[in-house]
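One-based numbering, in listed order, for ligands and for the atoms of each.
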Amino acid sequence: MKDGRRVLVTGGCGFIGSNFILYLLRNRSDVRVINLDCLTYAGNRSNLLEAEGDPRYRFVLGDVRDSRLVNELAEEADVIVNFAAQTHVDRSLMDGASFIATNVHGVFVLLDALRRHKHIRKLVHISTDEVYGETSRDRPASESDPLRPRNPYAASKAGADLLCLSFHTAHGLPVVIVRPVNIVGPRQHPEKVVPLFVTSALQDLPLPVYGDGRQVRDWLYVEDFCRALELIIEQGEPGQVYNVAGDNPQENIHLAESILDILGKPRSLIRLVPDRPGHDRSYALEAAKVRRLGWSPEVDFRAALERTVAWYRDNAWWWRAIYDDPAFRAYYRQQYGSRLAQGVPYRS
Ligand code: TYD
């Protein structure tokens, strides 16, 4: 990485952050990574076992909202990549407070640090396709489209994006926003649909598909996303937004069926359950801008899913520890207890 040898990653113990750190350490011999993470339920230090002991990697336990700490670490960084966020839509519907605190105020702290540390070349902020609200293949969102978030998580990310753009406009800060579609891969917390369905199937538990299951998400393999990020860190223009699409649109019901097929489990495990409030029917992005930088996805949907399923099958210790945690069990009961009781079997 020409411009960014010293990378401060915030939220590096989560799903995408940990995959990105491992990607950097594997592919960039000259990189130095500081990982600032406060280890919420979704952050797991064991995600980075491979990195611990590597002299190029340092873990710092702390919160992205801790301005003193962030400013201290910013001193040592050329680039900041922000993954620190509360990300689960269903949790944001139950209680949105932590979403505003981390996703909005946390970004403000980073921007403020960027203002003080003029030597930092870039802040790359990870956003989401959800900020555009419902979008479809016929009318995919492009980067200049208006933001119409429809759930508290998406609204918190939209707020953060606007803060980033305002700091670029007002202070000329080198901020770049990245809006990916749904990412799939190893080490994602089992609250999210793919790991939830995979780990449920592995335990012969029902797969709760919301509503009619015809909602569409576009899927991108995490390593493809890491390559896009690397390119955006190097070549992304300050003040710009980059959509990153997978061009792998799938209905949720098809996702459930594919996972069961890969694992050789019966489709009778699928339950259609009461829908998520404000559930966006579909997301689709127009991503010519990142493609013009020379990026395109390499792993197709089936291969991405097979690799992901294989990881969960081979690393049962990782997700069993989460299922054994009373806090996750309480969440599961609250989110799925009555939903599953009302659920109906799916007949294809
Ligand atoms: P999710 O993984 O929560 O990501 P997002 O809402 O950010 O796209 O959900 C992906 C899709 O799967 C979404 O349409 C909601 C659906 N879904 C279910 O059908 N059942 C579930 O138990 C979960 C968690 C999600």
Side-chain angles (χ1 to χ4, degrees), residues 14-16 41-42 83 85-94 96 99 103 126-136 141 149-158 179-185 187-201 203 205-220 222 225 244-246 248-260 269-285 301 304-305 308 312 319 322-323 328 331-346:
F15 164 48
I16 309 179
Y41 75 93
F83 298 95
Q86 290 284 339
T87 64
H88 195 42
V89 173
D90 293 319
R91 288 189 195 255
S92 81
L93 294 164
M94 286 175 185
F99 288 73
N103 303 4
I126 314 304
S127 180
T128 167
D129 57 1
E130 300 202 20
V131 295
Y132 299 112
E134 288 188 320
T135 49
S136 66
R150 287 164 30 93
N151 62 64
Y153 159 67
S156 71
K157 296 299 279 189
R179 295 186 182 139
V181 295
N182 285 51
I183 310 289
V184 60
R187 301 182 196 87
Q188 188 175 29
H189 190 280
E191 67 189 357
K192 294 283 175 17
V193 75
V194 168
L196 177 74
F197 285 0
V198 173
T199 55
S200 297
Q203 299 173 92
L205 293 172
L207 276 56
V209 174
Y210 295 158
D212 62 2
R214 298 288 172 200
Q215 304 84 1
V216 175
R217 296 293 182 267
D218 182 15
W219 293 96
L220 176 66
V222 68
F225 183 54
V244 184
N248 272 319
Q250 302 292 333
E251 289 185 342
N252 291 337
I253 193 74
H254 182 243
L255 182 68
E257 288 175 337
S258 306
I259 289 169
L260 291 168
L269 283 174
I270 295 176
R271 291 284 180 288
L272 296 180
V273 302
D275 210 347
R276 166 189 283 175
H279 193 172
D280 289 332
R281 270 320 264 185
S282 102
Y283 298 130
L285 293 181
F301 174 69
L305 207 53
T308 305
Y312 283 90
W319 53 265
I322 296 172
Y323 275 85
F328 182 66
Y331 166 78
Y332 186 93
R333 258 196 316 277
Q334 186 180 356
Q335 181 65 20
Y336 297 109
S338 79
R339 266 203 170 87
L340 282 168
Q342 296 171 67
V344 295
Y346 171 71

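Among protein heavy atoms, atom 19 (O) of ligand 1 sits closest to Y210 N, 2.8 Å. Looking from atom 14 (O) of ligand 1 to the surrounding protein, the closest heavy atom is H279 NE2, 2.7 Å. Remark: minimum distance from atom 2 (O) of ligand 1 to any protein heavy atom is reached at V193 N, 2.9 Å. Among protein heavy atoms, atom 16 (C) of ligand 1 sits closest to N252 ND2, 3.4 Å.
For the pair Y336 and ligand 1, a heavy-atom separation below 4.0 Å is found.
Listed by number with element, the atoms of ligand 1 under 4.0 angstrom from any heavy atom of H88 are 3 (O). Every atom of ligand 1 is numbered from 1 in the order shown, and the set under 4.0 Å from a heavy atom of K192 is 2 (O). Set against the non-hydrogen atoms of E191, the atoms of ligand 1 under 4.0 Å away are 24 (C). Here is the list of ligand 1 atoms found below 4.0 Å of a heavy atom in V209: 19 (O).
In summary, of the residues considered (Y331, Y41, Y153), a side-chain hydrogen bond (donor to acceptor under 3.5 Å, both in side chains) with H88 occurs for Y331 alone. Screening Y323, Y312, W319 for a side-chain hydrogen bond (donor to acceptor under 3.5 Å, both in side chains) involving T199 leaves a single residue, Y323.
For the pair W219 and ligand 1, the shortest N or O to N or O distance does not fall below 3.5 Å. Taking only nitrogen or oxygen atoms, main chain and side chain alike, Q215 does not reach within less than 3.5 Å of ligand 1. Between R217 and ligand 1, at least one pair of N/O atoms sits closer than 3.5 Å. Ligand 1 has a nitrogen or oxygen under 3.5 angstrom from a nitrogen or oxygen of R276. Considering backbone and side-chain atoms together, P208 places an N or O closer than 3.5 Å to an N or O of ligand 1. For a threshold of 3.5 Å applied to N or O pairs, the pair formed by N182 and ligand 1 contains at least one separation below that value. Residue E130 has at least one nitrogen or oxygen atom sitting less than 3.5 Å from a nitrogen or oxygen atom of ligand 1, judged on distance alone.
Remark: R281 engages D212 in a salt bridge, criterion side-chain N to carboxylate O under 4.0 Å.
Contacts of R150 classified as salt bridge (Lys or Arg N to Asp or Glu O under 4.0 Å), with partners at least two apart in sequence or in another chain: E134, D280.
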